[in-house]
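Just so it is clear: chains get the letters A, B, ... in the order the sequence lines come, proteins before strands, and each one is counted from 1.
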There are 2 protein chains.
Amino acid sequence: MTAGTTSRADAIDAVAVTLLPRASRLTRLLLRAGDRALSRTEAGLLSTLLDGPRRITELAETEALAQPTVTQLVDRLQGRGLVARERSATDGRVVLVSLSAEGREQLQVARAQYRALLRDTVQELSDEELNQLAAASETLGRLVETLQARGGVA
Amino acid sequence: MTAGTTSRADAIDAVAVTLLPRASRLTRLLLRAGDRALSRTEAGLLSTLLDGPRRITELAETEALAQPTVTQLVDRLQGRGLVARERSATDGRVVLVSLSAEGREQLQVARAQYRALLRDTVQELSDEELNQLAAASETLGRLVETLQARGGVA
DNA sequence: TGTCCAATATAGTTTCGCTATGTGACCGCT
DNA sequence: AGCGGTCACATAGCGAAACTATATTGGACA
């Protein structure tokens with residue numbers, strides 16, 4: 001990459017052209033194998049709930065989903081017993097979604113599946129590459145936060 | 001990140017749990033803004049064609065798509081005049097897909113849109129973070145290649 | 001207490017990708 | 001030459017995921 005000499009504009013260009021298509025391909029490649037019980041979106045939502053109950057709109061925001069999408073998602077997860085809906089005592093409009101014991105368990109299972117998948121596929125990467133990958137994920141996380149902090153992309 | 005002290009297993013775990021959900025969120029966030037003429041998959045395919053004509057199965061492999069998906073994709077793109085189908089002279093079964101002038105142009109436009117989008121959204125990242133992001137994309141690309149070289153995930 | 005806003009739910013649609021299968025071209029063998 | 005098998009692409013049909021628009025219900029306050 002010859003980092004260091006890379007200008008800011010060049011870096012933006014490179015990312016703009018490559019990042020999303022690569023992420024798409026990676027997702028498709030990884031999702032091909034295996035019948036996971038949880039989709040990445042479901043897993044993401046349950047992960048968020050690990051930190052405690054959340055309202056629907058909150059979830060929509062942090063997961064970068066539209067509100068009706070979250071309602072449906074929660075419907076399905078509730079149907080499977082992975083989350084619970086609870087009306088707020090103080091505000092009758094608000095629904096608090098919380099992780100059930102079963103949901104917590106399933107999340108562990110799903111994560112274990114992802115881990116196993118990566119363990120298998122990542123064998124050929126060097127330690128350095130692997131660490132870069134971890135760093136990459138961190139960076140993506142920061143970028144997501146930055147975008148959300150700006151209140152969407154606008 | 002305290003890189004260096006990170007064990008291989010820890011790195012795998014971190015990546016397994018965070019990478020795909022983050023990539024999903026990022027995609028959704030970035031795709032919200034704007035009416036792009038080209039989807040990321042379409043843009044990816046056209047980008048590949050920049051290097052010259054490709055057959056359908058080749059495209060399916062490099063884009064990590066199923067063959068019928070590529071056929072449909074090419075249908076649409078051809079309908080919009082962005083690519084051309086051409087029967088191979090030496091092998092009547094083979095279709096060569098090539099980029100049209102219009103397709104090349106549209107790809108430029110789409111890339112410019114992505115660049116503008118990132119330019120706007122990336123303002124708040126430091127130079128270092130931006131370079132990390134570029135490196136992250138590189139790493140993702142290598143991971144994709146590794147996965148493809150293994151002939152899928154299996 | 002009527003009006004307006006906020007939080008969630010419902011309806012309907014779109015987009016994207018997949019599996020299974022069909023059709024026609026090439027190749028090896030007899 | 002002809003037959004069967006395989007390869008490359010196309011067609012058909014399906015399912016998942018997420019969207020927009022809109023309805024519904026609760027709260028807040030003049």
Side-chain angles (χ1 to χ4, degrees), chain A residues 20-21 23-45 53-80 83-97 152-153, chain B residues 20-21 23-45 53-61 63-80 83-98 152-153:
Chain A
L20 283 189
S24 297
R25 281 180 227 189
L26 179 63
T27 301
R28 287 195 292 264
L29 279 168
L30 286 180
L31 289 189
R32 265 183 196 174
D35 310 303
R36 285 152 317 291
L38 297 178
S39 72
R40 54 246 110 94
T41 305
E42 291 169 339
L45 193 145
R54 293 282 185 279
R55 42 169 82 188
I56 300 278
T57 34
E58 258 181 305
L59 289 172
E61 225 171 292
T62 62
E63 303 301 314
L65 291 168
Q67 171 263 312
T69 305
V70 174
T71 292
Q72 290 174 317
L73 204 56
V74 169
D75 282 350
R76 284 209 307 276
L77 292 171
Q78 187 180 20
R80 291 196 254 155
V83 304
R85 265 193 177 87
E86 185 189 351
R87 215 88 213 180
S88 164
T90 62
D91 186 335
R93 298 168 300 182
V94 170
V95 168
L96 283 175
V97 183
V153 172
Chain B
L20 283 189
S24 297
R25 281 181 226 188
L26 180 62
T27 301
R28 287 194 294 262
L29 279 168
L30 286 180
L31 290 189
R32 263 185 198 173
D35 310 303
R36 285 151 318 289
L38 297 177
S39 72
R40 54 247 114 93
T41 305
E42 290 168 340
L45 193 146
R54 293 281 185 280
R55 39 169 83 189
I56 299 276
T57 34
E58 258 180 307
L59 288 172
E61 223 171 294
E63 303 301 314
L65 292 170
Q67 172 263 312
T69 304
V70 175
T71 292
Q72 290 174 318
L73 205 54
V74 170
D75 282 349
R76 284 210 307 278
L77 292 171
Q78 187 180 19
R80 290 195 255 154
V83 303
R85 265 193 177 86
E86 186 189 350
R87 215 87 212 180
S88 163
T90 62
D91 187 335
R93 297 168 299 180
V94 170
V95 167
L96 284 176
V97 183
S98 59
V153 172

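- Regarding A:Arg28, its CZ atom lies at a distance of 19 Å from the P atom of D:dA16, rounded to whole Å.
- Computed from coordinates, the A:Arg40 CZ to C:dG17 P distance equals 11 Å when rounded to whole Å.
- When the nearest nucleotides of DNA chain D are assigned to A:Ala64 and A:Gly92 by heavy-atom distance, the more 5′-ward of the two goes with A:Ala64.
- Under 4.0 angstrom from either OP1 or OP2 of C:dT15 there lies no side-chain N or O belonging to B:Ser39.
- A donor and an acceptor atom, one from each side chain of B:Thr90 and B:Ser88, are located under 3.5 Å apart.
- Residue A:Thr41 has a polar side-chain atom (N or O) positioned under 4.0 Å from OP1 or OP2 of D:dA18.
- If you measure from atom CD of B:Glu63 to atom P of C:dC16, you get 14 Å, rounded to the nearest angstrom.
- In this structure, the CZ atom of A:Arg25 is 16 Å from the C1' atom of C:dC16, given to the nearest Å.
- When only modelled atom types and interatomic distance are considered, A:Glu58 and A:Thr62 share no side-chain donor-acceptor pair under 3.5 Å.
- Every residue two or more places apart in sequence or in another chain that forms a salt bridge (Lys or Arg N to Asp or Glu O under 4.0 Å) with A:Arg76 is listed here: A:Glu42.
- Taking atom CZ on A:Arg93 and atom P on D:dA28, their separation rounds to 6 Å, with Å as the unit.
- What separates CG of A:Leu65 from C1' of D:dA16 is a distance of 14 Å, to the nearest Å.
- Side-chain proximity of A:Arg85 to the nucleotides C:dT8, C:dA9, C:dC16 is greatest for C:dA9.
- Within a 6.0 Å radius of CD in B:Glu61, no more than 12 heavy atoms belonging to other residues, nucleotides or ligands are found.
- If you take OG on B:Ser39 and CG on A:Leu20, they are separated by 11.0 Å, rounding to the nearest 0.5 Å.
- Rounding to whole angstrom units, CG of residue A:Leu31 and C1' of C:dC16 are separated by 13 Å.
- One interatomic measurement links the two molecules: CD1 of A:Ile56 to P of D:dG26, which rounds to 16 Å at whole-angstrom precision.
- B:Asp75 and B:Arg85 are joined by a salt bridge, as a carboxylate oxygen and a charged side-chain nitrogen come within less than 4.0 angstrom of each other.
- Listed by residue number, B:Pro68, B:Thr69, B:Gln72, B:Arg76 are the residues of residues 67-79 of chain B with a heavy-atom contact under 4.0 Å to DNA chain C.
- The side-chain heavy atoms of B:Val97 and B:Val95, taken from C-beta on, include a pair separated by under 4.5 Å.
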